[in-house]
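Residue numbers count from 1 along this sequence.
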Amino acid sequence: MAAEVTVAARGHLRKPVFEKVDELHPGTAGHTMVVKALSLKLMLQRGRSEEKNAVKSYVEDDLAYQALYRLLPYHKFLHFTGNQAILEAVGSASHIHIIDLEIRQGLQWPSFLQSLSFRPGAPPKLLKITAIGNDEKRLTQTGRRLLEFAQSIGIEFVFRPLIAEMEELDESSFSIEAHETAAVNCSVVLNRMLCKSGKIHGLLALLRRLNLVILTVMEIESNQNRPSPVVRFLQCLIFLRVVFHSIEASLERNNPEGILIERVYIAPNISSVLVDDKEN
């Protein structure tokens, strides 16, 4: 019944921004295609100066991410599989230390906390999360929410915000104690470091020296780092096609949540793919 309703109402839902992505493939020699790609890039560049002058509110960013998380299954699936892998790796450890390289609002961890509370035998004596970010207020609010939730289900919990950029980290940054079972969660982080030569290898080498039980890496499966702007544009279209069609199936046209997701979450991703790092 739900499927029938969706199909019947489809004409009133949001149209995807890219309607002919299926016809565009990397390597296609088409004059029209090339002109469209370059025109979009130039348009983004013209708006870049205005973008730099605007300070994006973290509250607005959080609202967009919450809407995206609620409406679409992709991040939930990433978090579910990542949590399950970490649960299996830490086993019955009494002191668990998770280093989250991109915690955002911490939406991944309430279900993990619940799983620990139902763990056979007993929950851990302590769960510590070290969260890396560059917005102290945002991290503090995330930590407060997670602490309140942990207390409500009887889990001893410590939240440690770490204000730092990825390239500033070293082994002493994480404060892993000898009795702790340590894991690192890396959810959609590495793709943003592709433009920084050698930074991914440096980060992974650092993490390898930490004696972790597991490193979970959840990333976008899309080749968006090719030298050609046209190929990057096409790869971006192919990837975002799924996102736009999912939004179209979930929200009516001109729905404020859909507009917020496109402007705050999707548009910057498109810009970062099309505009070279040297031009930013």
Side-chain angles (χ1 to χ4, degrees), residues 58 62 65-66 69 75-76 78-190 192-193 202-219:
Y58 78 90
D62 283 352
Y65 184 72
Q66 287 173 8
Y69 195 91
H75 284 87
K76 294 176 185 175
L78 288 179
H79 292 169
F80 174 80
T81 53
N83 286 353
Q84 186 61 36
I86 295 173
L87 283 169
E88 294 176 2
V90 300
S92 59
S94 61
H95 292 76
I96 302 171
H97 187 170
I98 295 174
I99 299 164
D100 194 334
L101 301 184
E102 179 69 30
I103 196 166
R104 298 185 68 93
Q105 299 171 52
L107 298 179
Q108 176 172 354
W109 301 117
S111 62
F112 183 81
L113 285 161
Q114 281 188 316
S115 298
L116 287 179
S117 68
F118 295 125
R119 192 176 69 175
K125 294 181 179 179
L126 181 68
L127 170 64
K128 180 196 296 182
I129 293 181
T130 294
I132 299 169
N134 51 25
D135 191 318
E136 185 175 3
K137 182 177 181 180
R138 195 177 192 181
L139 286 179
T140 301
Q141 291 181 343
T142 296
R144 185 181 299 114
R145 288 194 298 268
L146 290 175
L147 177 59
E148 291 174 355
F149 182 80
Q151 290 173 340
S152 71
I153 59 174
I155 296 289
E156 291 295 322
F157 179 78
V158 171
F159 184 85
R160 178 174 173 263
L162 178 57
I163 311 301
E165 299 293 338
M166 294 297 173
E167 48 267 31
E168 299 172 351
L169 300 174
D170 56 35
E171 292 180 57
S172 64
S173 301
F174 307 108
S175 301
I176 300 175
E177 300 180 26
H179 63 281
E180 293 178 337
T181 300
V184 168
N185 184 71
C186 184
S187 179
V188 196
V189 174
L190 300 182
R192 297 200 302 273
M193 301 178 67
L203 176 62
L204 294 178
L206 168 63
L207 298 178
R208 189 174 184 177
R209 297 195 296 270
L210 297 181
N211 192 29
L212 306 170
V213 294
I214 189 172
L215 164 63
T216 59
V217 177
M218 296 159 280
E219 271 302 335

**Message:** Checking H95 against E177 for the side-chain contact (heavy atoms from CB on, under 4.5 Å) test, could you report, in this order, the C-alpha distance in whole Å, the side-chain angles of both residues, the deciding distance, and whether it holds?
**Reply:** CA-CA 10 Å; H95 292 76; E177 300 180 26; over 6 Å; no

**Asked** Hey, mind stepping through L146 and F112 against side-chain contact (heavy atoms from CB on, under 4.5 Å) and telling me if it holds?
**Response** CA-CA 11 Å; L146 290 175; F112 183 81; over 6 Å; no

**Message:** Walk me through whether F157 and I129 qualify under side-chain contact (heavy atoms from CB on, under 4.5 Å).
**Reply:** CA-CA 8 Å; F157 179 78; I129 293 181; 3.7 Å; yes

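Other residues, nucleotides and ligands place more than 12 heavy atoms under 6.0 Å from the CZ atom of R119. The 12-atom threshold is not exceeded at NZ of K125, counting heavy atoms of other residues, nucleotides or ligands nearer than 6.0 Å. Other residues, nucleotides and ligands contribute at most 12 non-hydrogen atoms within 6.0 Å of the CG atom of N211. Heavy-atom neighbours of Q84 CD from other residues, nucleotides or ligands within 6.0 Å: above the threshold of 12.
Considering CG of L116 and OG of S111, their distance stands at 10.0 Å, rounded to 0.5 Å. Rounding to the nearest 0.5 Å gives a distance of 9.5 Å between NE2 of H79 and OG1 of T216. To the nearest 0.5 Å, the span separating CD1 on I132 from CG on D100 amounts to 8.0 Å. With values rounded to the nearest 0.5 angstrom, E102 atom CD is found 11.0 Å from L190 atom CG. Atom CD1 of I214 sits about 9.5 Å away from atom CG of N185, to the nearest 0.5 Å. Separating the CZ atom in R160 from the CD1 atom in I98 is a distance of 14.5 Å, to the nearest 0.5 Å.
Counting all heavy atoms, side chain and backbone alike, T181 lies closest to A93 at OG1-CB, 3.2 Å. In terms of heavy-atom proximity, M218 sits nearest to L78 at SD-O, 3.0 Å. Shortest non-hydrogen contact noted between G106 and P110 is O-CD, 3.1 Å. When every heavy atom of S117 is checked against every heavy atom of P123, the shortest pair comes out as CA-CB, 4.3 Å.
You'll find the side chain of M166 reaches within 4.5 Å of the side chain of L101, heavy atoms only. A heavy-atom distance below 4.5 Å is found between the side chains of L162 and L169. Residues W109 and L127 form no side-chain contact, since every pair of their non-hydrogen atoms from C-beta on lies 4.5 Å or further apart. Looking at heavy atoms from C-beta onward, E168 lies out of side-chain contact with S173 at the 4.5 angstrom threshold. Contact check for R104 versus T142: no side-chain heavy atoms found under the 4.5 Å cut-off. The closest side-chain heavy-atom distance from L210 to L215 is not below 4.5 Å.
Judged purely by atom type and a 3.5 angstrom limit, N83 uses its side chain to pair as donor or acceptor with the backbone of Q108. Side-chain N or O atoms of Q105 include one that pairs as donor or acceptor with a backbone N or O of D62 at under 3.5 Å. Put simply, the side chain of E219 gets close to the backbone of V189: a donor and an acceptor are under 3.5 Å apart.
Ring-plane geometry between H75 and Y69 is classed as tilted, the angle between the planes lying from 30 to 60 degrees on a 0 to 90 degree scale.
Here the options are T130, I103, L147, the test is side-chain contact (heavy atoms from CB on, under 4.5 Å), and the partner is F159; only I103 passes.
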